[in-house]
Amino acid sequence: MTGVKPPTILIFDSGVGGLTVFREIVNALPGAAYVYVADDAGFPYGDKPEDALIERILNVIGAAIAAHKPDLVVVACNTASTLALTQLRAKFPVPFVGTVPAIKPACAQSQSKRIAVLGTQATVSREYTRALIREFATGCDVGMVGSSHLATYAEAELSGNPAADDAIKTEIAPCFVDADGRRTDTVVLACTHYPLLTARFRAIAPWPVEWLDPAPAIARRVADLIGPRPPSGTPSPPRMIFTSDRAPSPALTKALAAYGF
Ligand code: DGL
């Protein structure tokens, strides 16, 4: 089946965190054409007022849809998805796949029925996240842990400036609860930046837990929606767009090259 145009998939995040979702989608759909938009001019999203952030997300994604005409958009950012998915779907006819905290699978797989949701302050305080807990966390104790710094540490890690162990430890410490004979056994990575730090988390954690990264499930959802659509030849290299127009540092350029950019 040559001559069938490969699908174009737009991946969006406030920064490089969406790469953790992108890499899983590329594994599932290596023949697609990819455009990655990092709204680094607006980073971090976690501390922005909601109304201004909704407007910004609609504008940036709207411009990217107009420029690249994607077949599907992945909002590879929990902070943006929990805030603006509804408005995005209402405004643009293209299908959207969001990333929202994986509370349902975490509660289902937890043995101790004590989990933590680690995300930006914005994500953990959103009604969207609270509704997920009401719906899917019956019988499970859920600790909400908002971090102001981890996304920035993840950006720095990828750029070759890793944060100190103590700084990371302070951010993840509230995830670990040992009470009533039950310890936290699962931590939901509810920010797409955080899987960039999983090796650091494992090394620093006071006891082993499952660090639940929803990216493989998101990739399966994207593959289902795109359906069988064979590419017409060698896939084009992915494109990376930074809204700041900055030139990435040599270390970041090298890190991006490992993702195929
Ligand atoms: N990667 C984003 C997320 O999944 C957030 C980082 C930010 O604060 O901009 O929530």
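One-based numbering along the sequence shown.
- Under the 30°/60° scheme for interplanar angles, the aromatic rings of Y153 and H149 are found to lie parallel.
- Between F12 and Y45, the two ring planes are tilted [angle within 30° to 60°].
- In the displayed structure, Q111 atom CD is contacted under 6.0 Å by at most 12 heavy atoms of other residues, nucleotides or ligands.
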Report task. Kindly determine whether V188 and V142 satisfy side chain to side chain contact (heavy atoms under 4.5 Å, CB included), including the steps that lead there. Result -> CA-CA 10 Å; V188 176; V142 183; over 6 Å; no

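- Judged by distance alone, with hydrogens and angles left aside, the side-chain atoms of W211 form no donor-acceptor pair with the main-chain N or O of A199 at under 3.5 Å.
- Other residues, nucleotides and ligands contribute at most 12 non-hydrogen atoms within 6.0 Å of the CD atom of E55.
- More than 12 heavy atoms of other residues, nucleotides or ligands sit less than 6.0 Å from atom CG of D224.
- Other residues, nucleotides and ligands place no more than 12 heavy atoms under 6.0 Å from the CZ atom of R221.
- With P248 as the fixed residue, the side-chain contact (heavy atoms from CB on, under 4.5 Å) test singles out one of T253, D40, V16: T253.
- Inter-residue side-chain proximity for F22 and F261 is flagged as met; some heavy-atom pair is nearer than 4.5 Å.
- Here the side chains of I11 and I25 are in contact, with some heavy-atom distance below 4.5 Å.
- Shortest non-hydrogen contact noted between I57 and A80 is CD1-CB, 3.6 Å.
- Pairing each heavy atom of D185 with each of S110, the nearest pair is OD1-OG, 2.7 Å.
- The minimum heavy-atom distance between T79 and T82, with the atom names listed, is O-OG1, 3.5 Å.
- No side-chain heavy atom of I61 sits under 4.5 Å from any side-chain heavy atom of K91.
- In this structure, T8 contributes its side chain and A33 its backbone to no donor-acceptor pair below 3.5 Å.
- For the pair L83 and R126, the minimum side-chain heavy-atom distance is below 4.5 Å.
- Between L150 and C191, the closest side-chain pair of non-hydrogen atoms is not below 4.5 Å.
- For the residue pair R183 and S112, the shortest heavy atom distance occurs at O-OG, 2.6 Å.
- With contacts defined as side-chain heavy-atom distances shorter than 4.5 Å, the pair Y194/F201 qualifies.
- Residues L58 and L88 meet the side-chain proximity criterion, which asks for heavy atoms closer than 4.5 Å.
- The two residues A76 and T99 make their nearest non-hydrogen contact at C-OG1, 3.6 Å.
- Remark: the backbone N or O of V75 is paired with a side-chain donor or acceptor of S81 at under 3.5 angstrom.
- L252 and R246 get closest at one heavy-atom pair: CD2-NH2, 3.7 Å.
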